[in-house]
Amino acid sequence: MVGPAAFHYPISGTADLSRVEAPVTIKAYLLCAFAAFGGLFFGYDTGWMSGVLGMPYFITQYTGIQYDYETMQPIGVPPTEFTLPSSTKSLMTSILSCGTFFGALIAGDVADFIGRRPTIIFGCVIFCVGCVLEIVSTNQLVLFVMGRLVSGLGVGAISAVILLYMAEVAPRRVRGAIVSGYQFCITLGILLANCVVYASANRNDTGSYRIPVGMQFLWAVILGVGLFFLPESPRFHVMKGKIDRAMTALSKLRGQPVDSDYIRDELAEIVASHEYEMQVIPQTSYIGSWVACFQGDVRKGNSNLRRTILGAGIQMMQQLTGVNFIFYFGVTFFQQLGTIQDPFFISLVTTLVNVLSTPLSLWASERIGRRPLLIWGGVGMMVAQFIVAIVGVTSGRPDLVPTNYDAVKAMIAFICIYIFFFASTWGPIGWVIVGECFPLPIRSRGVGIATASNWFWNCIIAVITPYMVGNEPGSAHLGPRVFFIWGSLCGLSLTFAYFLVFEMKGLTLEQIDTMMEETTPRRSSKWKPSQTFAAQMGRVRNAEEMQAQMTASSITSGDKILGGYGRA
């Protein structure tokens, strides 16, 4: 936790609300945006699994059912039955989420101990080890599953800490857009995976699935090497009491001289905010630091318990919208319907819609706001899913002879509309809210809990979905009726957003803490900050101090004085 230096370091700030964050350069924006590249891990791994589960060679390896690559038909069984058992699909898909769940929880502690940046690099190494295990497996289910589990540990660590890092280093005016870029990289990863799968799906050798899996090494190398050149989070240094390092890191992130008054003002605001938060959330034991995430009155918006419910709840709701049903099991679901001629191509189309829709959130999150996007996104998803379900049980039923292909096209169209609403609202904004809603003393653990919630419900979806839509004995065989369930859960997500989500656009992380203390979610969009934390904690410079610092700067002929008030 924070060292004594953080409470006694002679640094003062400003009472001017317009100066609580330093101006930033294009270089600084690019530094922050690069961190979003971590989303590529999440997306790519989600994308390739769906296609690999439907690959003829992969299915033959684990079922023994032969496939004729000239006629493109299985031998001895109908095409709708040429699929992996539900239990195998469930295990292969869900075991990754099991690993990511624990990876996200563990990463919070590691990030507080060694830093945000080294934790992400270490996660890349673990991820690569898991990829090796997946590639060397042939028809060895245990080895493949073990590789998925180890990869999951790496992905979970990266997904939690990269979000924490981005939220702490991004400028407030574009924080929502940059964190939304994380979701864009997720969608881009899914698209890239589907393109690779589409190209290798019909290979009659192990390259059919080893090529998509092996491509993941590239993303790990790019992110891991790139992070060596990025600075550590200044808020991490403040938490450790290393103010000198915090000032240097902030200078690099904002593209300002280390002795700039802008850097000093922003750093003073971070230090003062941390001082205030440590008074409310005092240092405690290791177990107590986790317990702190669940303390407070649930009726108060700024209580730790309320924040944890908000962070974990919004990630749960994001998963319960059902989007990963499409990306995990889209190919096999379309194959089981028997009404779609090229399931791999339709899966590629839905992925492309996902990618093209996400950039809208980069603009809308800072113009329209978080709350309106979540609320109207929930409405759009709910309506689209119900239409898919209604068409699917009427004119688009798989058992109709002849098949009504116009109805099938309508179902695909509304699935794409549903993905559009998710990709432009709940997909990115869910991550934005998680990065913004926790105070610094519990931020790493809070983000870890919220990210673990995402992966926990991701795992639940991966486990139960094959049994919900499967054709074999013991499965529910819901088919298109499953969209009634997803549509209802989208209605629940809409309710959650309306009553529990605060509007956080345009505020610093420190101002968000005050906003959640002083207003309610439904009134939060009208809240404006009234004072800086530096003023609240008595760290405001007076005129005499400013003059003395400027005189000292002049006497030393431009020498850099730590905390000095030289250039703007």
Side-chain angles (χ1 to χ4, degrees), residues 33-52 93 96-97 100 155 158-159 162-163 166 176-198 212 215-216 218-220 222-223 314-315 317-331 344-366 370 373-374 377-378 380-381 384 412 415-435 451 454-455 458 461-462 486 490 493:
F34 175 78
F37 187 81
L40 209 61
F41 284 84
F42 186 169
Y44 190 90
D45 203 273
T46 300
W48 72 256
M49 196 63 202
S50 172
V52 165
T93 307
L96 176 99
S97 300
T100 52
V155 173
I158 294 167
S159 63
I162 202 77
L163 180 65
M166 285 190 296
I178 287 177
V179 178
S180 294
Y182 176 74
Q183 176 67 20
F184 177 69
C185 285
I186 292 176
T187 64
L188 189 61
I190 296 174
L191 177 62
L192 289 173
N194 274 266
C195 289
V196 175
V197 165
Y198 189 72
M215 282 288 293
Q216 296 176 107
L218 179 61
W219 322 134
I222 292 175
L223 181 64
I314 201 164
Q315 288 299 304
M317 294 299 168
Q318 185 197 69
Q319 290 303 303
L320 293 181
T321 59
V323 70
N324 277 335
F325 165 69
I326 301 296
F327 296 131
Y328 277 149
F329 304 108
V331 171
F344 285 96
F345 179 73
I346 298 301
S347 180
L348 186 60
V349 169
T350 58
T351 304
L352 185 61
V353 172
N354 191 32
V355 172
L356 295 178
S357 304
T358 302
L360 178 61
S361 67
L362 276 67
W363 171 84
S365 63
E366 301 299 344
R370 283 62 156 158
L373 286 179
L374 292 176
M381 289 190 296
I412 295 172
I415 287 175
C416 291
I417 291 172
Y418 151 67
I419 291 174
F420 163 78
F421 277 106
F422 175 86
S424 58
T425 60
W426 273 87
I429 303 303
W431 293 109
V432 173
I433 296 296
V434 168
T451 307
N454 177 289
W455 289 112
N458 190 306
I461 296 298
W486 304 135
C490 285
S493 301

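Along the sequence shown, the residues carry numbers beginning at 1.
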Point-to-point distance, once rounded to the nearest 0.5 Å, from [atom1] of [X] to [atom2] of [Y]:
X: Phe422; Y: Thr358; atom1: CZ; atom2: OG1; result: 8.5 Å
X: Ile186; Y: Leu191; atom1: CD1; atom2: CG; result: 14.0 Å
X: Cys185; Y: Trp219; atom1: SG; atom2: CH2; result: 10.5 Å
X: Gln319; Y: Asn324; atom1: CD; atom2: CG; result: 4.5 Å
X: Ile346; Y: Ile412; atom1: CD1; atom2: CD1; result: 4.0 Å
X: Trp48; Y: Met215; atom1: CH2; atom2: CE; result: 13.5 Å

For a 4.5 angstrom cut-off between non-hydrogen side-chain atoms, does [X] reach [Y]?
X: Phe184; Y: Pro359; value: yes
X: Tyr44; Y: Leu192; value: yes
X: Leu223; Y: Ile158; value: yes
X: Phe420; Y: Leu356; value: no
X: Cys416; Y: Val349; value: yes
X: Leu40; Y: Leu188; value: yes
X: Ile326; Y: Ile415; value: yes

Suppose we screen for side-chain contact (heavy atoms from CB on, under 4.5 Å). Which residues come up paired with [X], at least two apart in sequence or across chains?
X: Ile461; answer: Leu320, Thr465, Trp486
X: Thr425; answer: Leu373
X: Leu362; answer: Ala177, Ser180
X: Ile417; answer: Ala384, Phe414, Phe421

Work out which heavy atom in [X] is nearest to a heavy atom in [Y]; give both atom names and the distance.
X: Ser357; Y: Ala423; value: CB-CB, 3.7 Å
X: Ile314; Y: Gly430; value: CG2-O, 3.9 Å
X: Val196; Y: Pro212; value: CG1-CA, 3.7 Å
X: Thr187; Y: Thr351; value: O-CG2, 4.4 Å

Carefully, step by step, assess Ile190 and Asn354 under the rule side chain to side chain contact (heavy atoms under 4.5 Å, CB included).
CA-CA 9 Å; Ile190 296 174; Asn354 191 32; 3.9 Å; yes
Identify, with sequence neighbours excluded, every residue that meets ring-ring contact (aromatic ring centres under 6.0 Å, His included) alongside Trp455.
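Only Phe42 meet the ring-ring contact (aromatic ring centres under 6.0 Å, His included) criterion with Trp455.
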For Ser347, the side-chain hydrogen bond (donor to acceptor under 3.5 Å, both in side chains) test, sequence neighbours excluded, returns Asn194
Is a side-chain N or O of Gln318 found less than 3.5 angstrom from the main chain of Trp426, in a donor-acceptor match?
yes
